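Can you keep this structure in mind? I'll have questions shortly.
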Amino acid sequence: MCHRIDVSTRAAIEVIDITDPLDARVDDFRDLNSVDRRPDLPALPGGRVGKALVIAEGVLVAQRMIASRFAPHAFFGVDRRLAELSDDVVEQPGGVPFYRASAEVMAEVIGFHLNRGVLAAARRPEALSVSEVIESARTIAVLEGVNDHENIGSIFRNAAGLEVDAVIFGAGCADPLYRRCVRVSMGHALLVPFAKSDNWPGDLELLRKNGFRTIALTPGEGSVPLRDAVTGPSDPSSVSSDSSCSSSDVERKLAFLVGAEGPGLKEHTMRSCDVRAHIPMSRGTDSLNVATAAAVAFYEALSQ
């Protein structure tokens, strides 16, 4: 699977000038740093329902949003960034509004000066299921307890660059569509398919039935070097009797599990995996940042 930008995709826009920072038409971009009013929050304090919008920052991330299934319903930016999007948008009456403003007005609306100069907002489409995202995948990342937005964004960026086909979120993970995740991922969180597991860790058995070798990344005892885990023979029991996958198919389909910084994967999750693997390191270092460790695993799979 490939996550390149579809350069044939263009968004129809209608340019609307905004001069008043209190203009309600740009409310979907207001107070982006507010802990209780941000438009990307699914839930607000007091049990209130949030807008749960997906916010793209900057020209490149806006381009990737245009090319993704997250169709933008509004843009907000300065004239210079509109010009930089000329290959990605076409002006026509009735198109998606591009609210054009000065940098000063934009800063008053969003709450800070945005060097990237343009934002795009999209509503969340229907979530994909685990079965859908693994259907044609060969390599996937599976996260448990990863609740740092920057780590999640980095994992998406690494996944896109190292031919990982999908990301699955197990229990305890942060929302991958928060603004910081999307920004750090450089928009790849909008392009790499992902799904939230509603049956955790039971969905690991679904992966096995679909021919995936599940590899738990851990520096703990009982783990083998990562390369051995990637290239080693698969347990024939990981293929169910009614599966059409051969053992050779299983060896070529890999699911890398990573856990939160510090505690890592839970013991019962690792027991559900085919193998535990560690990244051999030197100088007394026993582990890497979760996004870095995931990237090493992705590259190991790619290099085989």
Side-chain angles (χ1 to χ4, degrees), residues 3-34 37-41 50-125 149-150 152-154 156-157 160-161 175-192:
H3 314 299
R4 298 186 180 91
I5 294 177
D6 181 359
V7 295
S8 67
T9 302
R10 301 183 76 190
I13 64 165
E14 181 175 4
V15 178
I16 299 170
D17 287 312
I18 300 292
T19 57
D20 181 0
L22 297 179
D23 194 317
R25 290 177 292 182
V26 291
D27 281 352
D28 282 350
F29 303 99
R30 196 172 301 282
D31 299 327
L32 290 186
N33 274 348
S34 170
R37 297 189 304 276
R38 298 197 326 257
D40 62 336
L41 290 172
K51 291 185 175 182
L53 298 178
V54 183
I55 305 294
E57 297 180 45
V59 170
L60 181 57
V61 182
Q63 289 172 326
R64 287 178 173 148
M65 176 176 275
I66 292 169
S68 76
R69 68 190 190 96
F70 296 84
H73 67 264
F75 295 86
F76 185 33
V78 298
D79 191 60
R80 175 186 170 190
R81 301 308 185 196
L82 172 58
E84 292 176 7
L85 283 168
S86 60
D87 290 337
D88 306 280
V89 299
V90 56
E91 291 190 45
Q92 66 181 46
V96 170
F98 188 108
Y99 297 116
R100 180 170 58 188
S102 68
E104 292 74 22
V105 169
M106 193 174 181
E108 285 195 56
V109 173
I110 68 177
F112 59 92
H113 176 71
L114 183 74
N115 289 328
R116 297 172 183 86
V118 67
L119 298 164
R123 297 178 182 89
R124 301 187 184 210
H149 300 122
E150 293 191 4
I152 292 175
S154 295
F156 269 112
R157 188 174 181 182
D175 186 345
L177 295 178
Y178 274 5
R179 180 173 65 93
R180 185 178 298 175
C181 289
V182 176
R183 183 185 72 229
V184 173
S185 78
M186 296 300 294
H188 289 295
L190 309 177
L191 293 172
V192 178

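Note that the structure is a prediction, hence the values are computed from the model and not measured.
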Which atom pair, heavy atoms only, marks the closest approach of Arg69 to Pro125?
NH1-CG, 3.2 Å
Ser68 OG to His188 NE2 distance, which is reported to the nearest 0.5 Å
12.0 Å
With a 4.0 Å cut-off, would you call Asp175 and Arg124 a salt bridge?
yes
Under 3.5 Å, side chain of Ser86 to main-chain N/O of Ala83, donor-acceptor pair present?
yes
List the atom of His73, the atom of Ala122, and the distance in Å for their closest heavy-atom pair.
ND1-CA, 3.6 Å
Between OG on residue Ser185 and CD1 on residue Ile152, distance to nearest 0.5 Å:
10.5 Å
Could you tell me if the side chain of Ile66 sits less than 4.5 Å from the side chain of Val89, heavy atoms only?
yes
Check this for me: Arg38, atom CZ, are more than 12 non-hydrogen atoms of other residues, nucleotides or ligands nearer than 6.0 Å?
yes
Who pairs with Arg179 by side chain to side chain donor-acceptor pair (under 3.5 Å), at least two apart in sequence or on another chain?
Asn33, Glu57
Evaluate the side-chain contact (heavy atoms from CB on, under 4.5 Å) criterion for residues Leu191 and Phe156: first the C-alpha distance (whole Å), next the side-chain angles of each, then the deciding distance (0.1 Å), finally the verdict.
CA-CA 9 Å; Leu191 293 172; Phe156 269 112; over 6 Å; no
Taking Lys51 first and then Asp28, would you say they form a salt bridge - that is, a charged N and a carboxylate O separated by under 4.0 Å?
yes
Tell me whether Arg116 contacts the main-chain N or O of Val59 through its side chain, where contact means a donor paired with an acceptor under 3.5 Å.
no
Report the C-alpha separation of Val15 and Glu91 in whole Å, then their side-chain angles, then the decisive distance to 0.1 Å, and conclude whether the side-chain contact (heavy atoms from CB on, under 4.5 Å) test is met.
CA-CA 7 Å; Val15 178; Glu91 291 190 45; 3.6 Å; yes
In short, Gly94 meets Glu14 closest at the heavy-atom pair N-OE1, 3.0 Å
Just wondering, do Arg100 and Leu82 contact through their side chains at under 4.5 Å, heavy atoms?
yes
Tested for side chain to side chain contact (heavy atoms under 4.5 Å, CB included) against Val182, the lone hit among Ile55, Asp40, Val61 is Val61
Going by the rule side chain to side chain contact (heavy atoms under 4.5 Å, CB included), which residues pair with Pro97 if we only count those two or more places apart in sequence or in a different chain?
Ile16, Ala74, Tyr99
Heavy-atom closest pair (Ala62 atom, Ala120 atom, distance to 0.1 Å) is CB-CB, 4.4 Å
Using side-chain heavy atoms (C-beta onward) and a distance below 4.5 Å, is Pro39 in contact with Leu32?
yes
So Arg123 and Leu53, do their side chains get closer than 4.5 Å, heavy atoms only?
yes
Using the side-chain contact (heavy atoms from CB on, under 4.5 Å) rule, take Val90 and Arg10 through it: C-alpha gap first, then chi angles, then the decisive distance, then the call.
CA-CA 7 Å; Val90 56; Arg10 301 183 76 190; 4.1 Å; yes
If you take all heavy atoms of Ser102 and Val105, which pair is closest and at what distance?
OG-N, 3.1 Å
Do Gln63 and Asp87 come close enough that some side-chain heavy atom pair is under 4.5 Å?
no
What one should report as the nearest heavy-atom pair of Ala160 and Val192 is CB-CG2, 3.9 Å
Go through the steps for Tyr178 and His149 under the test ring-ring contact (aromatic ring centres under 6.0 Å, His included), then give the verdict.
CA-CA 7 Å; Tyr178 274 5; His149 300 122; 4.8 Å; yes
In terms of relative ring orientation, are Phe75 and Phe98 parallel, tilted or perpendicular, with 30° and 60° separating the classes?
parallel
Could you state the interatomic distance from CZ (Arg81) to CG (Leu114), rounded to the nearest 0.5 Å?
8.5 Å
Test Arg30 against Ile110 for side-chain contact (heavy atoms from CB on, under 4.5 Å), laying out the working first.
CA-CA 5 Å; Arg30 196 172 301 282; Ile110 68 177; over 6 Å; no
Can you find a pair of side-chain heavy atoms, one from Leu85 and one from Val118, that are under 4.5 Å apart?
yes
